[in-house]
Amino acid sequence: MIVSPRTDCSHIQKEKMYNEEKLKDIMFNKVKCEKCDEKNELWICLYCSLAFCGRYIHSHFKEHYLSNNDHCICISLLDLSMWCYQCMTPGFPDQGSYIESPQLAQYINIISDWKFGTDCPRTLNVLNTMSNEDIYKLKYQNFIELLKNNQFKLIIFMTGAGISTSAGIPDFRSNSGLFNQLMNKYGLQKPEEFFLKETFIKQPELLYDFLKQINFDVYKPTITHLFILYLINKGINCHIITQNIDGLEIKAGIPKEKITFAHGTLKEANCVLCNKKIDIDEIYQCMKNNEIKKCPDCNGPCKPDIILYGENLPNDFYERMKLFEECDLGIVIGTSLKVEPFSCLPYLLKKNSWKLAINKTKIGNFNYNDLTTHELFLQGMTDDIITSILKECGWWDDFNQRFYA
Ligand code: CNA
């Protein structure tokens, strides 16, 4: 028998068709037929959200309909086609009255996205109906569910100075940041010049003077640093690529092999001209004595192993790029994304992987308001946002117990 799909089924129960709990079950493959445990050939009742097997298994959906006559419309989890038992015709959710219900559209979109990926034309067509706020809420909830249920294979944190400001370390570009301080102190037009390789070669005493004033030993890791450790301790695979040189990741207890110091560290030292390794203690000793440590080989000025503008990034940084192939969640946090090549990292994330930006000001160029992407911008202070995530996941008390009790 040939049946034509229709777009104007009058049996749609517009207000009944969205059940968040069931949706989560579907996405986490927890659904099975209510009667026989079938997991593959399933139809979801759009009236009560229960799942039943189709006619190629035991026809339990038909039974369900025969005993509850108004439960007549179902959606197939195999191909997202729909069937109305009262009209005895199929329908297509991206046409006609099927999408007049925003709730239904939302429901179908999420299942479709989950099942076929974000490029699915059905997904792209279905949704023009939701507000940005609803899209945000839905995506955020989706993200929380995935995180809570340990569904991410590899999370890469791309961090900047903003994750350490709550510890008391100023960032570069905020109003109270180091750039403004340096501009006032040294009368610089372009504060970046202070951290140029050439500036250090000509006037190494400037950087020495600057580093002498900051004692990184006194600062403690923030909630954000500890959150990363917390995830790792939960068995969630994480890696951090940080621009920071404050070493708070190590202080938090995050294993070294999980961290890439893109802009170097203060733990080692080298000659800026020939790259010869130097004992860092000798540098600090020279700083104390108001002297400049000179390279024993080439007489060039030596400095801690932090990367200045104009210097190459460590090889590690480039090697870690292959991690992006398996990464399904990238979190860009506390960085203005103004420094290259670090600023290119988020764009290495695969199209279908989740991308989160967390910052007090808007950063990056992501498609935050489109439900067909997995891109989210969480605006606010890093520790506040991380606290909310911990709470949403039901981890906050445990987190506090471990780190602050
Ligand atoms: P940046 O350019 O100063 O950007 C920091 C970003 O974080 C800005 O967009 C701020 O709005 C935002 N921000 C600051 N505090 C918070 C907060 N609590 N919550 C949310 N957002 C916040 O610094 P980047 O890291 O982007 O620039 C890279 C430079 C900074 C690297 O070369 C670092 O070495 C350098 N840096 C490092 C440190 C450190 O190690 N802690 C401190 C200062 C500068």
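Remember, it's 1-based here, ligands and their atoms both numbered in the order they're listed.
The option from L178, I358, T335 that lies nearest to atom 26 (O) of ligand 1, judged by heavy atoms, is T335. Here atom 21 (N) of ligand 1 lies nearest to K360 when heavy atoms of M158, E192, E249, K360 are compared.
The protein atom (non-hydrogen) at minimum distance from atom 30 (C) of ligand 1 is F172 CD1, 3.3 Å. Protein heavy atom closest to atom 40 (O) of ligand 1, with residue, atom name and distance, is I245 N, 2.8 Å. Here the protein heavy atom with the shortest distance to atom 41 (N) of ligand 1 is D246 OD2, 2.7 Å. Distance from atom 9 (O) of ligand 1 to its nearest protein heavy atom, with residue and atom name: N359 ND2, 2.8 Å. What sits closest to atom 14 (C) of ligand 1 on the protein, heavy atoms only, is D171 OD2, 3.2 Å. For atom 31 (C) of ligand 1, the nearest non-hydrogen atom of the protein is H263 ND1, 3.2 Å. Of all protein heavy atoms, the one closest to atom 34 (O) of ligand 1 is Q243 O, 2.9 Å. Nearest protein heavy-atom neighbour of atom 36 (N) of ligand 1: A161 CB, 3.9 Å.
Within ligand 1, the atoms closer than 4.0 Å to a non-hydrogen atom of G162 are 7 (O), 13 (N), 14 (C), 15 (N), 16 (C), 17 (C), 18 (N), 22 (C), numbered from 1 in the order shown. Each of the following atoms of ligand 1 lies closer than 4.0 Å to a heavy atom of G380: 19 (N), 20 (C). Shown in contact with G160 at under 4.0 Å from a heavy atom are these atoms of ligand 1, numbered in order with element: 25 (O). The atoms of ligand 1 that sit less than 4.0 Å from any heavy atom of T382 are 17 (C), 18 (N), 19 (N), 20 (C). In the vicinity of S336, heavy-atom distances shorter than 4.0 Å reach the ligand 1 atoms 1 (P), 2 (O), 4 (O), 5 (C), 6 (C), 9 (O), 26 (O). Applying the 4.0 Å criterion to heavy atoms of R173 picks out, from ligand 1, the atoms 1 (P), 2 (O), 3 (O), 27 (O). Less than 4.0 angstrom separates some heavy atom of P170 from each of these atoms of ligand 1: 42 (C), 43 (C). Atoms of ligand 1 found under 4.0 Å from any heavy atom of V339, numbered from 1 in the order shown, are 28 (C).
The pair D209-K185 meets the salt-bridge criterion, with a side-chain N (NZ, NE, NH1 or NH2) lying under 4.0 Å from an Asp/Glu carboxylate O. Ionic pairing of D328 and K350 is not present here: no N-O contact between side-chain nitrogen and carboxylate oxygen is shorter than 4.0 angstrom.
Between G334 and ligand 1 there is a heavy-atom distance shorter than 4.0 Å. Using 4.0 Å as the threshold, A167 has no heavy atom nearer than that to any atom of ligand 1. The shortest separation from a heavy atom of K338 to ligand 1 is not under 4.0 Å, leaving the residue out of contact.
Relative orientation of the F195 and F179 rings is tilted, given thresholds of 30° and 60° on the angle between their planes. Relative ring orientation between H64 and F52 is described as parallel, the plane-to-plane angle staying below 30° on a 0-90° scale split at 30° and 60°.
Between P346 and F342, the shortest heavy-atom contact is CD-O, 3.9 Å. Scanning both residues, I306 and E311, for their nearest heavy atoms gives O-OE1, 3.5 Å.
Residue-level proximity to ligand 1 for N244 is carried by backbone and side chain together, each with a heavy atom below 4.0 angstrom. Residue-level proximity to ligand 1 for S164 is carried by the side chain, the only part with a heavy atom below 4.0 angstrom. Looking at I169 against ligand 1, only its side chain comes within 4.0 Å, counting heavy atoms.
Checked against the 6.0 Å centroid criterion, the rings of F61 and Y85 qualify as a close aromatic pair.
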Worksheet item: Is there a ring pair (Phe, Tyr, Trp, His ring centres under 6.0 Å) between F172 and F194 once you walk through the steps?
Response: CA-CA 12 Å; F172 269 176; F194 188 91; 9.4 Å; no
Item to complete: Decide salt bridge (charged side-chain N to carboxylate O under 4.0 Å, His left out) for E282 and K293; before the verdict, give the C-alpha distance in whole Å, the side-chain angles of both, and the deciding distance to 0.1 Å.
Response: CA-CA 7 Å; E282 289 184 35; K293 170 72 191 163; 2.6 Å; yes
Practice prompt. Could you walk me through whether I228 and K258 pass side-chain contact (heavy atoms from CB on, under 4.5 Å), step by step?
Written response: CA-CA 10 Å; I228 301 173; K258 301 269 181 200; over 6 Å; no
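For ligand 1, none of its N or O atoms has an N or O atom of S166 under 3.5 Å away.
Formation of a donor-acceptor pair under 3.5 Å by the E249 side chain with backbone atoms of H225 is not found in this model.
Here the NE2-CG distance, from H374 to L146, works out to 8.0 Å after rounding to the nearest 0.5 Å.
No more than 12 heavy atoms of other residues, nucleotides or ligands shown are found within 6.0 angstrom of CD on E340.
Side-chain contact, D383 with T224: a donor N or O sits under 3.5 Å from an acceptor N or O.
Annotation: side chain to side chain contact (heavy atoms under 4.5 Å, CB included) contacts of E325 (sequence neighbours excluded): K322.
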